[in-house]
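Below is one structure, written out as structure tokens; the observations come after it.
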Protein chains: 2
Amino acid sequence: MNGKRMTILDVARETGVYYSTVSRALRNDRRIPEPTRLRIRLAARRLGYVPNRVARSLAHGATHTIGIMLTDMQSYFVAPMDEFQNFSDRSNYTLSVHFCSWDQRRERKGLQHFAEGRVEGVIWAPVQWEGPEFVQSIADLQAARIPVVMLGLQRDQQSVPFHQVGAKPADKLALGLDYLLGRGHRRIGIATATNLNGQRGRLHVERLALLRGLFEARGLPLLADDIFNVVDEDYGGFDIAAELSRRAPPRPTAIFALDDFLARGLMKGLRVLGLKAPEEISVLGFDVVGDEAAGRWPLTSVWLESRRMGELAVKQLFKIIRREAANTPPQTIIVPPRIVEGGSVGKNETNSLFLKESHDTDPAKTSS
Amino acid sequence: MNGKRMTILDVARETGVYYSTVSRALRNDRRIPEPTRLRIRLAARRLGYVPNRVARSLAHGATHTIGIMLTDMQSYFVAPMDEFQNFSDRSNYTLSVHFCSWDQRRERKGLQHFAEGRVEGVIWAPVQWEGPEFVQSIADLQAARIPVVMLGLQRDQQSVPFHQVGAKPADKLALGLDYLLGRGHRRIGIATATNLNGQRGRLHVERLALLRGLFEARGLPLLADDIFNVVDEDYGGFDIAAELSRRAPPRPTAIFALDDFLARGLMKGLRVLGLKAPEEISVLGFDVVGDEAAGRWPLTSVWLESRRMGELAVKQLFKIIRREAANTPPQTIIVPPRIVEGGSVGKNETNSLFLKESHDTDPAKTSS
DNA sequence: TTGAAAGCGCTAACAG
DNA sequence: CTGTTAGCGCTTTCAA
């Protein structure tokens, strides 16, 4: 019970064969006849043998693992992770995930761990695209001959020593703005939250600045009063809805909400407060996440193509790992922006807002 | 550039010492004199040598890695993960994280991977506490002599072959209910969402059932109309707020909101709709996550002690790894429930709801 | 202080 | 088809 770990030697001894025969049997080598194989596998199971991947990897020089380095555990990453999983499952690779919590030192250490662990590839959403840690990490990975695909795009597209997959915020915002213009809107408001802490706030600052430029480039006026810059982390959309319902009709006919939470909170708020969307006011979302709901989603939005990005990233990585694109110069894959129109309203809209008493626990069961 | 990976042999050749000297130098063995050590480290860096942890682990038999198996990437796990990171950083261990997306097959495969990779310990939040996969995974881990600490509690406390850390839902609900009773509330409503898909819906079903029992045990009436069972995934709290504001004053004086989202949406909705909390109606949250905000949080709530659970779990695991508790019988650590009162209101409450134009980009910069 | 050599658990090339 | 043997890259005695 509390002895040493079993090795193939133990299994060999138990079954009376040579230990390389055990090794082969356990890997289902067709040269070992079926019955022997079975006998060996059974013995291994009986003894509680667990193969040692450390030794295995050292021997044949492949870890069959890929490393994922992410900034944090945001829902943003759920869809990409799902793609990583699916793809590597199919290829019989395993994922090793690290979150650095926006800490570049942690990021550096984690990547070093990947490099020393000889993962066969890395997908990395960097905290920053510069600085000594960043450069060092790239160097480590290169020295260990580990291919990297970045999630996201570096700002200035110099020739960089890594592949990258991402979307361009400016293109996405332009698409959204032009969509609204195309629908006849001339007074367009912006819902944003530039003052939030951390990355989310920074994104809003960037988006608002870009959007300002786009308004200007199109000769479109942007009234200070039409920038709804909220302070509430998660439910700010509700404040905007309230503010809008307070305003007399010379008001924006559309609101471009610069993130998922804001957009959905705003939609919900408008509905609860009795302002009809899109009849009285239109809402366009940005970077909306819930991707399975595409089409059934009541909100029209510039899509966050995170699933697509994940898919492209992992495919590119495996291309390199499989030497199909070994010495390809690093590629920059840009995901084109896309608008998904709020289609047939989801289930939440068709039914009542509340569930009524009826489908309770079976009374027969409560008697026990 | 595109040659083979460097090994200590290359470094030895480069520096003219024996390769075991290199091994020692790189691990900062004090027997190697300072200057030699430095010379070797420099050469290693120059050559782009990256230590091979696979080989290292095989040689000394320790991977210095712990495996984390989680059901999904929910915010629930952010605080525990943070504790895991902090603790293992300090002990110079690295984390390998897996998410199984509530898929028991994936969970099984991932744990097997951990076992074969000889991680030195596992923290595991199981999808289910039973079934063949569960039993097999436990067996694997035991066969590989890998200690496990579970995140969560098994229902019937049989003597189980693993440590576990968790809280009891019934205790938490009872604490919450008695808190409200203690504040004089007699007509208490419940905000829930039993119809949501996946785990969240299941949790609501469980909580509502438990709470029903607690009401009954205290001889407290629970009106069907006072169960606000919403259908909206994220903003159902708004719907409840709207419904409450519609009702004439013989209505609940307090609402026990059975999850974080519901509670916060409800609070926000009440404020926007002009219903004063807690003067006109009290809200008690449940399993509220935002733990850094403790005290500054405007919402009184039965706390989700996820950080504490994470901390206790990782501490327990390291105790076992360090043999301080090697052959201790598996312990069940129960985190006592706790209510955190919404203290001094956070920054979001003191200021206006909107940010006004003023702190824009420096005009000096726009001129460029 | 450093060199020599054994070995971690397994794979794979080569015989037989 | 199975036994033999040589590593994989590193750590760790044991000598010198």
Side-chain angles (χ1 to χ4, degrees), chain A residues 3-41 44 47-65 113 115-120 143-146, chain B residues 3-41 44 47-65 113 115-120 143-146:
Chain A
K4 271 320 274 171
R5 286 171 180 151
M6 294 293 134
T7 73
I8 46 174
L9 287 164
D10 298 303
V11 182
R13 202 174 308 121
E14 177 81 5
T15 48
V17 298
Y18 203 76
Y19 72 106
S20 59
T21 306
V22 174
S23 167
R24 287 175 190 126
L26 292 177
R27 276 173 300 129
N28 262 326
D29 192 313
R30 355 188 62 223
R31 288 175 301 186
I32 312 291
E34 189 67 44
T36 321
R37 237 190 290 170
L38 196 68
R39 194 163 54 88
I40 292 174
R41 307 199 74 115
L47 291 178
Y49 167 78
V50 178
N52 185 331
R53 193 160 29 78
V54 179
R56 182 173 283 186
S57 293
L58 184 60
H60 73 184
T63 53
H64 259 235
T65 302
H113 188 81
E116 298 181 356
R118 298 292 189 268
V119 300
E120 294 179 34
R145 306 293 188 280
I146 296 172
Chain B
K4 272 319 278 172
R5 286 171 179 150
M6 294 293 134
T7 73
I8 46 174
L9 287 164
D10 297 302
V11 182
R13 202 174 307 120
E14 176 81 4
T15 47
V17 298
Y18 201 75
Y19 71 104
S20 58
T21 307
V22 174
S23 167
R24 287 175 189 128
L26 292 177
R27 276 174 300 127
N28 263 327
D29 191 314
R30 356 188 64 223
R31 286 175 302 183
I32 312 291
E34 189 68 43
T36 321
R37 238 190 288 171
L38 196 67
R39 193 162 56 86
I40 293 175
R41 307 199 76 116
L47 291 179
Y49 167 79
V50 179
N52 185 331
R53 193 159 29 80
V54 179
R56 181 173 284 185
S57 293
L58 183 60
H60 73 185
T63 54
H64 259 235
T65 301
H113 188 81
E116 298 182 355
R118 299 291 192 267
V119 301
E120 294 180 33
R145 309 289 189 282
I146 295 173

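The basis for the numbers below is simple: all heavy atoms, side chains too, and nothing from hydrogens, waters or symmetry mates. The sequence lines fix the lettering, A, B, ..., with proteins before strands; numbering per chain opens at 1.
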*Does any non-hydrogen side-chain atom of A:Leu58 lie less than 4.5 Å from one of A:Val54?*
no

Of all heavy-atom pairs linking B:Leu47 and B:Val11, the shortest is CD1-CA, 4.0 Å

Separation of D:dG9 atom C1' from B:Tyr49 atom OH, nearest Å, is 8 Å

In whole angstroms, the gap separating C1' of D:dC10 from CE of B:Met6 amounts to 17 Å

To the nearest angstrom, the CZ-P distance between A:Arg53 and C:dC10 comes to 13 Å

Which part of the nucleic acid does B:Ser23 contact within heavy-atom distance under 4.0 Å: base, sugar-phosphate only, or nothing?
base

Are any of the side-chain heavy atoms of A:Arg27 and A:Arg24 separated by less than 4.5 Å? yes

Out of D:dC10, C:dC10, D:dT5, minimum distance to the side chain of A:Tyr18 belongs to D:dT5

Ranking C:dA12, C:dC8, D:dT5 by distance to the side chain of A:His60, first place goes to C:dA12

**Asked** Has the side chain of B:Arg39 got a donor or acceptor atom that lies under 3.5 Å from a matching backbone atom of B:Thr15?
**Response** yes

*What nucleic acid atoms does A:Thr21 come within less than 4.0 Å of, heavy atoms only: base, sugar-phosphate, or nothing?*
sugar-phosphate

Check whether A:Arg5 reaches the backbone of B:Ala144 with its side chain - one donor and one acceptor, N or O, closer than 3.5 Å. yes

Bend of the helix from C:dT1-D:dA16 to C:dG16-D:dC1 from end-axis comparison, five pairs per end, nearest 10°, comes to 40°

- Less than 4.5 Å apart, any side-chain heavy atom of A:Glu120 and any of A:His64? yes

Min side-chain heavy-atom separation B:Arg56-B:Asn52 under 4.5 Å: no

B:Leu58 atom CG is separated from D:dG7 atom P, nearest whole Å, by 17 Å

When rounded to whole Å, the OH to C1' distance for the pair B:Tyr19 and D:dT13 reads 13 Å

**Prompt:** Are any of the side-chain heavy atoms of B:Val119 and B:His113 separated by less than 4.5 Å?
**Reply:** no

Rounded to whole Å, CZ of B:Arg118 lies from C1' of C:dC10 at a distance of 11 Å

Closest non-hydrogen atoms of A:Ile40 and A:Ala25, given as atom of the first, atom of the second and distance, are CD1-CB, 3.6 Å

The correct set of residues in residues 24-36 of chain A placing a heavy atom under 4.0 Å from DNA chain D is A:Arg24, A:Arg31, A:Ile32, A:Pro33

Mind checking whether B:Val50 and A:Arg118 have side chains closer than 4.5 Å, heavy atoms only?
yes

Taking for B:Ser20 and for A:Val50 the nucleotide of DNA chain C with the nearest heavy atom, the one nearer the 5' end belongs to B:Ser20

Could you tell me whether the side chain of A:Leu26 reaches within less than 4.5 Å of the side chain of A:Tyr49, counting heavy atoms only?
yes

Under a 4.0 Å heavy-atom cutoff, the residues of residues 8-17 of chain B touching DNA chain D are B:Ile8

